[in-house]
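All heavy atoms count here, side chains included; hydrogens, waters and symmetry mates do not. So you know, we letter chains A, B, ... as the sequences are listed, proteins then strands, and number each from 1.
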Number of protein chains: 2
Amino acid sequence: MTRRPGRMRPSSGATITDVAQAAGVSRATVSRVMNGRPTVDAAIAERVRRVVDELGYKPSRVAQSLSLGRTSTVGVIVPDLGNPSFQQILHGVNRSAAAAGYRVLVADSAETPDDEPALIEDVRRRTDAVIVCSPRMNADTLAALLPRVQPIALVNRDEPVDAPRVVVDSGAGVAEMCRHLIGLGHRRIVHLDGPVGSNAQAARLRGLTAIGEEHPEVELVRLPCGSTIDEGHAVFDQARATGSTAIIGFNDLVALGVLEAARDRGVRVPRDLSVVGFDDIPFARLSSPALTTMSVDLEEVGETAWRALEARMKGEEEDGPRVFAPVLVPRASVDPVA
Amino acid sequence: MTRRPGRMRPSSGATITDVAQAAGVSRATVSRVMNGRPTVDAAIAERVRRVVDELGYKPSRVAQSLSLGRTSTVGVIVPDLGNPSFQQILHGVNRSAAAAGYRVLVADSAETPDDEPALIEDVRRRTDAVIVCSPRMNADTLAALLPRVQPIALVNRDEPVDAPRVVVDSGAGVAEMCRHLIGLGHRRIVHLDGPVGSNAQAARLRGLTAIGEEHPEVELVRLPCGSTIDEGHAVFDQARATGSTAIIGFNDLVALGVLEAARDRGVRVPRDLSVVGFDDIPFARLSSPALTTMSVDLEEVGETAWRALEARMKGEEEDGPRVFAPVLVPRASVDPVA
DNA sequence: CTGAAAGCGCTTACAG
DNA sequence: CTGAAAGCGCTTACAG
């Protein structure tokens with residue numbers, strides 16, 4: 001099957017010099033033709049184009065990048081490429097960036113949470129700008145990093161910093177969800193906490209605290225968990241043991257894991273137990289029962305991050321963070337308590 | 001909130017020349033220090049390092065790329081970044097490529113199916129190599145493209161070509177699923193076809209044809225559909241009208257859409273109707289009923305594609321395509337027929 | 001051990 | 001309208 005003997009030159013390709021020689025013109029002229037500058041004699045342009053076709057010449061992007069001082073590439077750094085939420089954000093960024101003539105370089109900080117800054121710097125050096133999603137690094141580290149990697153846009157960081165930001169109002173979201181549950185009679189609710197140190201988790205805490213003050217009659221318990229299906233699955237028994245009538249997953253993945261564990265244990269949702277998530281990933285409506293959740297359009301978050309970054313690159317001033325307010329999507333995983 | 005007046009220089013950064021001047025050495029020496037060449041006097045190296053720190057110097061990746069003739073970046077082109085299957089492949093590629101010191105540039109050909117070749121060429125010019133997933137272009141176009149974009153690895157293309165390939169044996173997979181269904185007594189089965197012209201769809205056809213010959217007593221009907229939840233949802237009534245006792249979705253997404261439609265219509269799965277998918281995406285086991293499907297580890301497909309590409313870049317010869325055989329995962333969405 | 005010089009493949013004032 | 005030349009920021013033989 002398809003053996004090529006010997007070494008393989010990476011399809012080296014013709015350079016602008018090859019074209020210039022073959023066409024008997026200067027490289028400047030070739031460059032002008034390639035870039036559609038109108039100031040080239042029609043006959044010469046035609047001749048150059050023919051040679052370009054014959055040789056299959058394509059300008060080197062990296063040479064252009066060095067010469068022009070820009071790569072037309074934007075970096076996107078996420079904590080976990082396997083997480084549907086970040087996949088959606090990536091999708092949104094890619095769509096709008098592509099429409100603007102940019103390509104997307106992705107990176108996943110999962111393997112190297114401590115090296116977030118180094119990773120971001122590395123990605124930034126290969127691109128014109130970066131979008132960083134839910135960075136876990138602390139505020140000081142972030143502040144020290146920012147000036148080195150401008151232009152940069154941040155997704156889900158609450159501190160005011162010198163960078164455009166788009167944030168999902170997780171605190172308000174969890175509070176709204178709590179009120180929904182409380183309105184249905186739930187008096188003991190367990191919240192499955194997300195990754196420690198994550199911005200979203202901190203926001204949840206604020207939301208829960210606010211609800212605690214607003215509803216002293218309600219018992220709000222918290223359990224360390226995480227952000228994956230497996231973590232949600234694993235924490236189920238513990239959550240159940242709290243005697244709560246409702247479980248709030250840090251995100252839909254966690255809630256889906258809880259749902260699966262409930263099925264394994266023969267606990268009926270929502271009759272025996274209400275379960276809710278956060279994010280409204282595409283599968284939330286397909287679970288059984290369909291998951292009640294707080295919806296946020298993460299593709300639009302991605303698109304917005306791109307637009308904010310683009311504006312910054314053009315030197316426009318931003319007027320504060322772009323805030324997405326999650327909206328409650330009641331489905332079938334919640335029952336009132338008797 | 002964080003106003004920066006005026007224009008923003010993209011945090012221009014010091015160049016190697018700045019460092020050389022400040023340290024009173026040549027650029028060559030700075031380069032040597034940066035790259036850890038041992039032949040530099042310790043005191044000088046130390047001085048250079050101090051200046052590097054003070055100036056916050058980071059070598060320009062694009063200058064390095066031009067000089068070295070490689071970018072340490074690999075391109076990944078998928079038909080749809082919103083599709084979990086491709087997200088998994090991307091995740092797998094990224095993981096293994098990152099481990100090898102490469103970054104990943106992604107592109108989505110969704111908006112421009114006719115420009116697949118142009119897209120691939122563009123991505124290739126910014127990277128050292130590309131991995132192309134499920135390209136839709138025809139064989140001639142592909143053959144003409146390949147020499148222009150080597151090294152390239154192909155995922156899910158069946159034709160033997162001069163490029164490493166990893167393929168999921170969709171034909172064998174759908175055949176095995178059919179046999180499973182037939183063994184349970186199903187005699188009329190409808191297959192929801194995937195994107196026309198896709199490699200996987202062609203393979204399915206071959207699998208179905210084989211089954212047709214193997215089991216003349218079974219009626220195999222096909223319906224044009226697609227590869228998304230919504231398309232699966234939309235085709236449900238039509239599929240139901242065929243009077244089939246089992247529906248095979250082109251992939252899990254389609255099957256999930258069918259499941260949702262069945263729920264909407266009050267059709268009980270699997271009692272009234274069996275439904276199966278393909279791929280075993282992470283959510284297949286979480287649907288209700290849990291989806292019976294053909295499982296293929298798509299992250300591993302991505303990793304394998306990377307390794308095949310890496311081998312090719314090193315000039316190693318491949319010995320035929322790497323084939324993944326999907327394995328049947330019986331879950332709860334299939335019942336025997338009386 | 002170190003530096004001057006050439007080179008990677010482009011683009012773009014600047015002259016003509 | 002066209003070309004010679006400088007420049008983008010690196011790396012690396014080649015001398016010394």
Looking at every non-hydrogen atom in both residues, tell me the closest pair between A:Met313 and A:Ala129 and how far apart they are. SD-CB, 3.7 Å
Here the distance between atom C1' of D:dG7 and atom CG of A:Leu68, to the nearest Å, is 12 Å
So, is B:Ser60 near the phosphate of D:dC10, with a side-chain N or O under 4.0 Å from OP1 or OP2? no
Between A:Thr29 and D:dG3, is there a contact of a side-chain N or O with OP1 or OP2 at under 4.0 Å? yes
OP1 or OP2 of D:dC10 less than 4.0 angstrom from a side-chain nitrogen or oxygen of B:Ser67, does that happen here? no
In whole angstrom, give the distance that lies between atom CG of B:Leu66 and atom P of D:dC8. 14 Å
Nucleotide C:dG3, atom C1' - distance to CD1 of B:Ile16 in whole Å: 13 Å
Counting only Watson-Crick or G-U wobble pairs whose two distances fall under 3.5 Å, which nucleotide matches C:dA4? none
Once you round it to whole Å, what is the distance between P of D:dC8 and CZ of A:Arg126? 23 Å
Looking at C:dG9, does its base get a donor-acceptor pair with the side chain of A:Thr17 below 3.5 Å? no
State whether B:Gln64 places a side-chain N or O below 4.0 Å from either non-bridging phosphate oxygen (OP1 or OP2) of D:dG9. no
Between C1' of C:dC1 and CZ of B:Arg37, the distance in whole Å: 14 Å
Using a cut-off of less than 4.0 Å, is there contact between a side-chain N or O of B:Ser26 and OP1 or OP2 of C:dG3? yes
With a 4.0 Å limit, can you tell me whether B:Thr39 has a side-chain N or O closer than that to the phosphate oxygens OP1/OP2 of C:dC1? no
Does the base of C:dG3 carry an N or O that pairs as donor and acceptor with the side chain of B:Arg32 under 3.5 Å? yes
From CG of A:Asp41 across to P of D:dT2 the rounded distance in Å is 5 Å
Could you please name the partner base of D:dA13, counting Watson-Crick and G-U wobble pairs only when both distances are under 3.5 Å? none
Of the nucleotides D:dC10, C:dG3, C:dT11, which has the atom closest to the A:Ser31 side chain? C:dT11
More than 12 non-hydrogen atoms from neighbouring residues, nucleotides or ligands closer than 6.0 Å to CZ on A:Arg70, yes or no? no
If we ignore hydrogens and angles and just use 3.5 Å, is the side chain of A:Asn199 paired with the main-chain N or O of A:Ser134 as donor and acceptor? no
A:Glu116 side chain to A:Arg136 backbone, donor-acceptor under 3.5 Å: yes
Ignoring hydrogens and angles, state whether a donor on the side chain of B:Thr71 or B:Arg126 is under 3.5 Å from an acceptor on the partner side chain. no
With nearest nucleotide decided by heavy atoms, which residue, B:Ala63 or B:Ala28, maps closer to the 5′ end of DNA chain C? B:Ala28
Length of the CZ-C1' vector between B:Arg27 and C:dC8, whole Å: 13 Å
Measure from CZ on B:Arg61 to C1' on D:dC10 and round the result to the nearest Å. 12 Å
